[in-house]
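First up is the structure itself, then whatever we jot down about it.
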Amino acid sequence: MLDQTPSKLSERSALVVNPAKTCQPVGAMYAALGIHNCLPHSHGSQGCCSYHRMHLTRHFRDPIMASTSSFTEGACVFGGKPNLTKGLTNIFEIYDPDVVAINTTCLSETIGDDISDIIRSAKIPEGKVVIHANTPSYVGSHVTGFSNMVKAMVAYLAEDTEVKNSTINIIPGYVEPSDMKEMKRIMRLLDAPYIMFPDTSDVVNAPMTGKYEMYPKGGTKVEEIRKSGSSKATIAMGSFASKDGGYELESKCNIPCHVIKVPMGVKATDDFIMKVLEITGGSVPYELEMERGQLVDLMVDVHNHYHNKRVAIFGDPDIVIAMTELVLSLGMKPVHILTGTPGKDFDKTVEETLQTYGETAEHVKSKGDLMELHQWIKESPVDMIIGNTYGKYIARAEDIPLVRVGWPILDRVGHSYFPLVGYMGAIRMIEKISTAFLDLRDKTCSDEDFELVL
Ligand code: SF4
């Protein structure tokens with residue numbers, strides 16, 4: 001497996017091998033699915049749209065709906081205005097969404113279609129909404145696309161009001177629907193009224209009822225996103241995916257934005273809860289105290305499974321930052337830390353987190369790829385990899401356990417139903433890490449060391 005990967009690292013400036021990211025529009029498509037009754041629309045050639053739908057479907061194992069402007073060569077030369085105008089008419093006539101959220105591909109960005117102008121001149125039925133985000137795929141990654149679409153939701157929909165109410169806006173970041181559901185549960189336990197957007201829970205993990213629903217019951221209603229302009233504060237989870245939307249709300253509607261880490265692990269969950277309480281003035285409910293205590297209990301009970309183990313972490317920046325802190329709190333040693341998404345903030349935040357725990361990593365890199373990660377691991381081996389499905393090739397080549405976290409996970413199930421955020425999510429993460437180590441031990445240890453109780 002991966003036999004051609006040289007063990008000696010050489011600097012590459014132009015060639016990317018096995019990228020640790022994908023392009024903007026798929027992130028924008030995922031964000032758009034978090035609006036109720038919304039059809040994401042891809043303005044470009046149809047290949048991009050089918051690829052992005054397929055990738056999301058493979059991760060969530062649910063139908064992912066989106067339409068496309070279906071560019072042909074003529075549109076590439078003369079512009080895609082007729083395609084989008086006709087497309088919008090067809091979409092509202094045939095598929096009847098409440099909202100169409102347009103993203104762009106590298107093709108429409110390169111020819112420079114003016115989407116705002118096309119929307120203004122299109123015939124949009126009464127009561128229906130069309131929003132758009134420019135998502136050039138040669139800038140950033142799918143996380144940037146998610147962030148751009150969230151910002152577009154605010155730019156198009158949030159309404160500024162003089163009088164603010166007690167609601168807190170939650171921008172959950174590029175996380176699983178199960179994570180969004182868990183964040184909402186925590187907000188309810190804290191007795192804090194909230195508006196979460198986007199919210200893909202009950203959309204991309206909708207139940208089988210025997211009847212196909214093109215627009216499942218989940219998703220944030222347009223009305224709620226409009227009202228987000230009247231909230232008291234915004235909490236943006238993960239700076240890469242959420243801060244732009246939060247700051248857009250701050251400048252458009254004068255709502256203070258608090259950017260925090262995605263609440264994975266005991267420290268980040270504490271920070272989330274304390275931030276909410278700082279805004280509401282409430283106190284920690286017994287149920288959350290209990291869950292925190294159970295997490296700490298488990299951390300102590302099984303620390304021998306993972307203490308001092310060396311780990312490589314890769315994936316989307318907000319998730320990798322959160323995972324680095326989580327494994328540090330377990331006493332593990334994150335030695336190779338990589339994201340494919342560009343951004344100097346990543347290196348800075350990871351380094352600061354390591355320093356807090358008195359640790360240093362051998363490599364911390366944004367805009368890296370998985371061939372480089374593999375070469376680091378060859379040079380300086382690890383006990384575990386934490387990352388998405390693409391890590392399985394390195395895991396197999398080097399005989400290391402892979403704990404699947406992040407997006408996409410194409411070869412395991414259940415991740416869209418069980419959270420990794422909050423105290424319960426951290427408990428699940430410990431279970432995944434411990435089980436991976438213990439399974440490896442059971443498989444590889446000698447008969448004399450094969451223990452019933454571990
Ligand atoms: S990189 Fe460009 S052409 Fe390729 S899928 Fe993304 S948007 Fe489409």
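Every number for a ligand or one of its atoms is a count from 1 in the order of the listing. Positions are given from 1 along the sequence.
Looking only at atom types and distance, the side chain of Asn169 has no donor-acceptor partner in the side chain of Ser228 under 3.5 Å away. Looking at Ser69 and His41, their side chains do bring a donor and an acceptor atom within 3.5 Å of each other.
For His52, the heavy-atom gap to ligand 1 drops under 4.0 angstrom.
Note that NZ of Lys151 and CG of Asn148 are 7.0 Å apart. Values are rounded to the nearest 0.5 Å.
Taking every non-hydrogen atom of Thr105 and a distance limit under 4.0 Å, the qualifying atoms of ligand 1 come out as 7 (S).
At least one cation-pi condition fails for Lys184 and Tyr194: the charged atom is not both under 6.0 angstrom from the six-membered ring centre and inside a 45 degree cone around its axis.
With distances taken over non-hydrogen atoms, the option nearest atom 8 (Fe) of ligand 1 out of Cys23, Cys48, Ser137 is Cys48.
Looking only at protein heavy atoms, the nearest one to atom 3 (S) of ligand 1 is Cys106 SG, 3.4 Å.
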